[in-house]
Amino acid sequence: MTFSKLGLSEKVLQAVEASGYLTPTPIQAEAIPQVLAGRDVLGIAQTGTGKTAAFTLPMLSRLEKGRARARMPRTLILEPTRELAAQVEESFARYGINHKVNVVLLIGGVSFGDQETKIMRGADVLIATPGRLLDFSERGKLLLTGIEILVIDEADRMLDMGFIPDIERICKLVPFTRQTLFFSATMPPEITRLTEAFLHNPVRIEVARAASIVTAISQGLVASASGPAKRETLRRLIRGAADFKNAIIFCNRKRDVAILHKSLQKHGFNAGVLHGDMDQRARTASLDAFKSGGVDLIVCSDVAARGLDIPDVSHVLNFDVPTHAEDYVHRIGRTGRAGKTGVAVSIVTPADQKYILEIEKLIARKIDWLAGESLVNLPEEEPGQSGPHGERAQRSRRTAPGGGARARASTSRPPDFGAPAAAAARPNPSRRREGDRPSGEAAAKRDGAPRQHQQHQKEDNSPVIGMGDHVPMFLLRPATVKPGKAAGDKGDPGKNTQLG
Ligand code: AMP
């Protein structure tokens, strides 16, 4: 199969060739002719499958006829996060080099004024997060009645972030006759209901299920106690990583993202940070620094990093094992992209074993412990072990003659991490203090952050309430949320801030 057989315009084909793509991915091969034929498409696919080009390329072909009018965009793409929206904009820039399409980004965290000016000029493509889009529409600054193609991307992510009521409202604001392209990695009942309500006789295209993308990624587990010992384990992993270029490091909680980031910097690592409370400028700067190699490590939360397409990530390190198995698949999918291989290692404490079992069930395979690693060597965790007392105990172990971290690192270093670390991964004393302050105090309240039903978000610092992270997914779906039950954020910011 070649791109030239799919019915794309000459201009688009030239741009594809310039991108260096030789053959369409399965979702592209199946979806592009259907989109060009004007059919609604239900694509069950996630990032990494080439789905962005599956809608971008035929949209560009279709947009060659006609012109946009002021305030009335011709096509609308909804994305759950600002980063994903920016990524789709980049795709239009890449594949639209031969076109004169006016692409406008409507996301939170940037000024209304600039966006309004661009919309006034007429947008061929409007890429938006739901909150900011509705703001514009409600203020009468945007008319959705000219929309010819509506793309709803990462629908299950929208569900997790509580955006489904917004999506329903937006679907009612665009003309009934528009073409709808709907993408979701998974199809929980709420998403199925949405597709039944808003898609007209769609072509269903299903490619590589979430669990099957992990074959290009070598996965491993490393045992660790929690608290400062865990940060020490992480440092050992980074220093010992073979074929290391860079790493995305995931924490389950925003608070821990900030702590770990600071700790890595304190230990001389060249690390950036990305989480949902950072303002747009800080998020973009962090991502750009990582993409360009300015920093080798980026400490992230799930919310900030999910779906990001950074083509060349050698390692994903789960500082925390994710408590939702699907997040594991999304996290490790940040490496091993675009035909490359990758390494994903998770640091496992005794309390994480049940999550590992759930992950193994989802991906239908066992994840091996790396050489010398096993939880049986670890003492059972006791309450308060990760607090100051635990820290003191760790320190004294570390400094004990002939023992401590060095001995441990040399005996239990896993084979994948046995080679000397790349220079890039080594601590860089000259950058040690850079960005020491956790950036991005200003939380973007609307876009890129959940508006309601926030339970699935792990970016809060709340104490564990009820079942905490053990709440099954079906209980977290919006339909089951009792009105008036707020997810409070009463965490104690002073707790657990000691750096190892
Ligand atoms: P996506 O699933 O849209 O996030 O795309 C994942 C990655 O695959 C991106 O880095 C794209 O640039 C790349 N990609 C998309 N289509 C192709 C293709 N036909 N051949 C090779 N790489 C592609």
Side-chain angles (χ1 to χ4, degrees), residues 1-8 12-36 41-61 77-97 103 125 127 151-158 181-186 205-217 245-246 248 287-288 290-292 304-314 316 326 329-342:
M1 173 61 79
T2 59
F3 278 101
S4 58
K5 296 259 177 347
L6 300 178
L8 292 163
V12 172
L13 287 174
Q14 281 168 12
V16 168
E17 204 181 322
S19 297
Y21 301 162
L22 302 174
T23 46
T25 65
I27 187 127
Q28 291 163 2
E30 290 194 54
I32 289 172
Q34 303 290 351
V35 179
L36 290 171
V41 169
L42 168 57
I44 304 168
Q46 61 173 35
T47 49
T49 55
K51 76 174 159 66
T52 315
F55 59 83
T56 313
L57 300 177
M59 280 175 76
L60 280 164
S61 275
I77 300 170
L78 295 174
E79 293 289 339
T81 66
R82 294 170 277 184
E83 280 78 14
L84 284 169
Q87 246 169 237
V88 172
E89 187 192 29
E90 279 172 27
S91 286
F92 272 98
R94 186 184 328 156
Y95 308 130
I97 40 166
V103 180
V125 182
I127 307 166
V151 180
I152 300 170
D153 197 17
E154 303 262 333
D156 52 353
R157 186 86 195 102
M158 303 264 200
L181 315 176
F182 190 103
F183 295 90
S184 190
T186 55
I205 301 170
E206 192 163 358
V207 296
R209 291 184 59 77
S212 62
I213 60 144
V214 297
T215 45
I217 302 163
K245 178 173 182 283
N246 55 13
I248 300 182
L287 258 182
D288 287 350
F290 185 69
K291 282 184 185 171
S292 66
R306 192 156 158 182
L308 288 183
D309 179 31
I310 303 168
D312 219 357
V313 177
S314 69
V316 166
E326 282 186 12
V329 177
H330 284 283
R331 286 182 184 187
I332 72 166
R334 301 309 102 219
T335 182
R337 293 174 79 77
K340 298 201 171 71
T341 54

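In each ligand, atom 1 is the first atom listed, and ligand 1 is the first ligand listed. In this text the structure is predicted, and so the values were computed from the model without any measurement.
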With a 4.0 Å heavy-atom cut-off (strictly under), which part of [X] contacts ligand 1: side chain, backbone, both or neither?
X     : value
Phe55 : neither
Gln28 : side chain
Glu90 : neither

(request) Please confirm whether Thr23 comes under 4.0 Å of ligand 1, counting heavy atoms of the residue only. (result)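 Distance cut 4.0 Å: Thr23 passes for ligand 1.
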(request) Look at ligand 1 and say whether Gln87 reaches it with a heavy atom at a distance under 4.0 Å. (result)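 Heavy atoms of Gln87 never come under 4.0 Å of ligand 1.
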Heavy-atom side-chain proximity of [X] to [Y] below 4.5 angstrom:
X      : Y     : value
Asp153 : Lys51 : yes
Leu36  : Leu8  : yes
Thr23  : Met1  : no

(message) Pairs of nitrogen or oxygen atoms closer than 3.5 Å, one from Pro24 and one from ligand 1: do any exist?
(response)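 Pro24 vs ligand 1: no N/O contact under 3.5 Å.
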(request) Give the minimum heavy-atom separation between Met59 and Val151, together with the two atoms involved. (result)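 Distance-wise, the nearest heavy atoms are SD-CG2, 3.7 Å.
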(message) Could you check whether Lys291 pairs with Glu90 (Lys NZ or Arg NE/NH1/NH2 to Asp/Glu carboxylate O, under 4.0 Å)?
(response)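 Yes, charged N to carboxylate O under 4.0 Å.
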(request) Might you work through the side-chain contact (heavy atoms from CB on, under 4.5 Å) test for Val12 and Phe3, ending with a clear yes or no? (result) CA-CA 10 Å; Val12 172; Phe3 278 101; over 6 Å; no
Which of the atoms of ligand 1 are close to [X], meaning less than 4.0 Å from one of its heavy atoms?
X     : value
Thr49 : 2 (O)
Arg94 : 12 (O)
Thr52 : 1 (P), 3 (O), 4 (O)

(request) Name all residues meeting the salt bridge (charged side-chain N to carboxylate O under 4.0 Å, His left out) criterion together with Glu17; count only those two or more places apart in sequence or in a different chain, and write none if there are none. (result)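 Glu17 satisfies salt bridge (charged side-chain N to carboxylate O under 4.0 Å, His left out) with no other residue.
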(message) Please compare Tyr21, Tyr95, Phe3 and report which has the shortest non-hydrogen distance to atom 21 (C) of ligand 1.
(response)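 It is Tyr21 that holds the nearest heavy atom.
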